[in-house]
Amino acid sequence: MAVVLFFVFGGLAVLGALGVLACRNPIHSAMSLVGTMVSLAVIYLLHHAEFIFAIQLMVYAGAVMMLVVFVIMLLDIQRESTPGPRLSGGKIIGLVWAGLLFVLLVVPLGARLTGAVGPMTVETLMEVGSVEFLAGQLFTTYLLPFEAAGILLLVGLVGAVALAKKKL
Amino acid sequence: MIPLEYSMTLSAVLFTLGAVGVLLRRNVIVLLMCIELMLNGVNLAFVALADHLNSVEGLIYVIFVMTVAAAEAAVGLAIIVSLYRTRGTVHADELDLLKG
């Protein structure tokens with residue numbers, strides 16, 4: 001059952017990604033990307049990551065994409081989506097590089113996976129809950145990176161306001 | 001239980017499609033969305049490995065990747081808005097101020 005769902009939503013995610021590349025109108029690209037993100041959220045759920053599922057929907061599909069759509073509408077770039085030359089030399093080189101990258105990413109999949117196995121089994125998750133387990137780690141072992149992420153967001157916020165302001 | 005290879009292959013496909021978009025598309029906003037696509041591919045790899053190894057580290061990394069992606073989207077879109085104000089375009093080929 002899980003594998004069937006994985007194939008359905010994995011296929012939807014790939015279709016959405018292709019839509020991002022193929023659509024001439026940036027709004028259509030953004031909507032395809034939302035489709036990809038929602039499909040990926042379901043796949044996270046299949047991987048027992050309930051908290052990641054929730055923040056994928058709220059932060060990515062909700063907040064980030066809303067920002068992107070908002071900017072697209074603000075800029076009114078409809079008229080710029082004119083089709084250029086379909087396949088130039090640079091594009092072919094780009095496709096070749098991307099193909100090489102894909103080979104590079106897929107080849108190591110045959111290798112045996114080695115790594116420390118952690119305590120987060122499905123049974124533990126059933127007992128403690130995904131959010132509680134994750135939060136416990138985040139506020140103890142990973143407290144410093146967590147604070148650094150907060151500072152990063154603050155700097156991003158100030159930077160975005162400073163950049164978007166007409167006159168400083 | 002989903003086999004690890006399936007998720008990692010899907011992750012590789014999404015990452016490559018994002019890279020193709022970055023290499024081929026010329027609209028800066030679409031470039032930004034393709035970078036988000038690549039980050040999503042990486043996130044899927046982290047989640048799949050975390051599930052496979054029963055480890056919480058992968059999920060922690062996903063949270064940080066999402067933080068970086070949100071900050072990147074905010075700053076990147078602000079840069080695009082200010083570029084559009086000064087140059088009147090979001091076409092990457094016409095934005096050549098720093099070109100030698």
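Note that these values count all heavy atoms, side chains included, but never hydrogens, waters or copies made by symmetry. To find a chain, count down the sequence lines: A is the first, B the second, and so on, and within it residues start at 1.
- Residue B/L44 touches chain A through both its backbone and its side chain, counting heavy-atom pairs closer than 4.5 Å.
- Contacts between B/L10 and chain A at a heavy-atom distance below 4.5 Å involve the side chain alone, from C-beta outward.
- With a 4.5 Å cut-off on non-hydrogen atoms, B/V56 touches chain A through its backbone and its side chain both.
- Residue B/F64 touches chain A through its side chain alone, counting heavy-atom pairs closer than 4.5 Å.
- Residue with the most contacts toward chain B among A/L5, A/V14, A/L154, A/L157: A/V14 (heavy-atom pairs, distance under 4.5 Å).
- With a 4.5 Å cut-off on non-hydrogen atoms, B/V68 touches chain A through its backbone and its side chain both.
- With a 4.5 angstrom heavy-atom cutoff, A/Y60 touches chain B only via side-chain atoms.
- Contact of B/S11 with chain A is not made at all, since no heavy-atom distance falls under 4.5 Å.
- The contact between B/L53 and chain A is made by backbone and side chain atoms together, counting heavy-atom distances below 4.5 Å.
- Looking at B/E36, both its backbone and its side chain come within 4.5 Å of chain A, counting heavy atoms on both sides.
- Between the side chain of A/Y44 and the backbone N or O of A/I52, no donor-acceptor pair lies under 3.5 Å.
- Counting heavy-atom pairs closer than 4.5 Å to chain B, the top residue among A/H48, A/M65, A/M1 is A/H48.
- Of all the listed residues (A/A148, A/G99, A/A17), the one sharing the greatest number of non-hydrogen pairs under 4.5 Å with chain B is A/A17.
- Interface remark: B/I79 contributes backbone and side-chain atoms alike to the contact with chain A (heavy atom separation under 4.5 Å).
- Between B/F46 and B/Y61, the ring-plane angle classifies as parallel under the 30° and 60° cut-offs.
- The residue among A/T36, A/L40, A/V3, A/L101 with the most heavy atom pairs within less than 4.5 Å of chain B is A/L40.
- Contacts of B/L4 with chain A are made by side-chain atoms alone, with heavy-atom separations under 4.5 Å and no backbone atom involved.
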